[in-house]
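Throughout, protein chains are lettered first and strands after them, A, B, ... in sequence-line order, and every chain is numbered starting at 1. Computed from a predicted model, the values in this text were never measured in an experiment.
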Number of protein chains: 2
Amino acid sequence: METTTHTTKQRLLDAGLELLLEHGYHDLGVQTLLAATGTPKGSFYHHFESKEDFALQVVDQYMVGVHGALDACLSNPDRAPLQRMRDFFEATAESYRGEGYLGCLLGGLGQELSGVNDVFAQKIEGCISYIAGRMAVCLAEAQDAGDIAPDADPVGLSNLLVDCWEGAALRSRLRRNEQPLEAMLDFYFGSAVTR
Amino acid sequence: METTTHTTKQRLLDAGLELLLEHGYHDLGVQTLLAATGTPKGSFYHHFESKEDFALQVVDQYMVGVHGALDACLSNPDRAPLQRMRDFFEATAESYRGEGYLGCLLGGLGQELSGVNDVFAQKIEGCISYIAGRMAVCLAEAQDAGDIAPDADPVGLSNLLVDCWEGAALRSRLRRNEQPLEAMLDFYFGSAVTR
DNA sequence: CCGAGATTAGACCGATCGGTCTAGTCGGAG
DNA sequence: CTCCGACTAGACCGATCGGTCTAATCTCGG
């Protein structure tokens, strides 16, 4: 019926968001996922070709949320471009808090699988570079408004931002707190890009 | 005889540095390691209690190299403090190049295992914070020399540096090139900290 | 030259992995 | 009511996992 996709499939994807973030790919067994959701194995393999296919669709599911947050934050007319960007990361940090500071799913799967699986490497790289692209648009607006240096490179600065964010998210996962995230944002928006 | 530790054990640790970086923890089977080094299983479990024990000792082995590079770079009297710090990361980037840009072992294992294994989480956090501590010393020197703002926080800036580096290393792994690493260093040393 | 501990050697183990298969259940179109 | 495709249900499969065990083989002090 294609409403919010199928409920069983959706339930699996939602559980996948949580479980893949916590366990990573290889440490999450299909059985664990099935037990956590009360799903029989036949259903899983009806909806997904394989565990890899499942994880890739979980990433798509993750990106649905990212798209939503990007649209909500970056188009806010009441905020300056740089403020809108920071709003997005503050909202992301808030959702990390709700998960117990386990870092970023993209970073986690990217780190674990990109050495060995090109499909995943390219998928995650595409997701991250998409986010950076959205940031670059905002940085260009900030440049037009005179908020950052006229000779700055919005694309370069946007990739830097998401890269450093991923690093801060990893440290946040190691420490289970928000401090690295906030420190990174303060540095980037407070003392660095602005000038 | 405890010369450079035992050769079989050392051979396993050296192979572990490579293989764990490429495969990560769960994707690297003990059998693969044994086949790659021509070691029988009995030897492996004679020298190591378990696969986890092995990986933890590989991290120790990794840190031996890090200590060496830190000592070599950070005590160079011919370079200013900030230059010495950048020297270290440039040397690290050079070694990443030799591995085909697979990122950082600490970041890789930390990301994969810290959600599920506290021993690893604390081990990796300790390693990263040790590196940051060494950087903080150098930043304090830079502050004394007037190279960074007198009100800057060396400890905070040093953690920021290693966090952002780990993020750049992840992106470098996804893209298999050095660009994110250099961009991050240019930003940090070029336009940000200095002032 | 002997004996003992360190190390090598690899067959073997139960558990778990991802994935397949067949049988049953369900809901709605005709 | 019938039928058919979508979905559920879980037993089952071979492969591989980390780890154990026993026996053979080195190494070297006495």
Enquirer: Report the distance from atom CZ of Arg11(B) to atom C1' of dT7(C), rounded to the nearest whole Å.
Expert: 12 Å

Enquirer: Respond yes when some side-chain nitrogen or oxygen of His47(A) is under 4.0 Å from OP1 or OP2 of dT8(D), and no when none is.
Expert: yes

Enquirer: What is the distance from CZ of Phe48(B) to C1' of dT8(C), rounded to the nearest Å?
Expert: 15 Å

Enquirer: Respond yes when some side-chain nitrogen or oxygen of Lys41(B) is under 4.0 Å from OP1 or OP2 of dG10(C), and no when none is.
Expert: no

Enquirer: Check the side chains of His26(A) and Tyr25(B) for a donor-acceptor pair under 3.5 angstrom, ignoring hydrogens and angles.
Expert: no

Enquirer: What integer distance in Å separates His23(B):NE2 from dC17(D):C1'?
Expert: 15 Å

Enquirer: Which of the following nucleotides, dA9(C), dG10(D), dG18(D), is nearest to the side chain of Pro40(A)?
Expert: dG10(D)

Enquirer: Can Gln83(A) and Asp87(A) be said to form a side chain to side chain donor-acceptor pair (under 3.5 Å), step by step?
Expert: CA-CA 6 Å; Gln83(A) 289 174 321; Asp87(A) 287 345; over 6 Å; no

Enquirer: Take the protein atom OH of Tyr45(B) and the nucleotide atom C1' of dT20(D), then report the distance between them rounded to whole Å.
Expert: 9 Å

Enquirer: When you measure from the side chain of Gln179(B) to the backbone of Ser172(B), do you find a donor-acceptor pair of N or O atoms at a distance under 3.5 Å?
Expert: no

Enquirer: Can you list the steps and then say if Leu157(B) with Gln143(B) is a side chain to side chain contact (heavy atoms under 4.5 Å, CB included)?
Expert: CA-CA 12 Å; Leu157(B) 284 177; Gln143(B) 201 168 36; over 6 Å; no

Enquirer: Heavy-atom nearest nucleotide on DNA chain D for Gln31(A) versus Thr39(A): which residue maps closer to 5'?
Expert: Thr39(A)

Enquirer: Under 4.0 Å, counting only non-hydrogen atoms across every strand here, what does Gly42(B) touch: a base, just sugar-phosphate, or nothing?
Expert: base

Enquirer: Thinking salt bridges, do Asp78(B) and Arg84(B) make one under a 4.0 Å N-O criterion?
Expert: no

Enquirer: Give the rounded distance in Å between these two atoms: NZ of Lys51(B) and P of dT16(D).
Expert: 15 Å

Enquirer: Rounded off to whole Å, could you give me the CZ-to-P distance for the Phe44(A) and dG19(C) pair?
Expert: 8 Å

Enquirer: May I ask you to verify if any side-chain N or O of Thr8(B) is less than 4.0 angstrom from the OP1 or OP2 atom of dT7(C)?
Expert: no

Enquirer: How many Å lie between NE2 on His46(A) and P on dT20(C), as a whole number?
Expert: 15 Å

Enquirer: Could you tell me how far apart Leu12(A) (CG) and dC7(D) (C1') are, to the nearest whole angstrom?
Expert: 13 Å

Enquirer: How would you label the contact of Leu28(B) with the nucleic acid (heavy atoms, under 4.0 Å): base, sugar-phosphate, or nothing?
Expert: sugar-phosphate

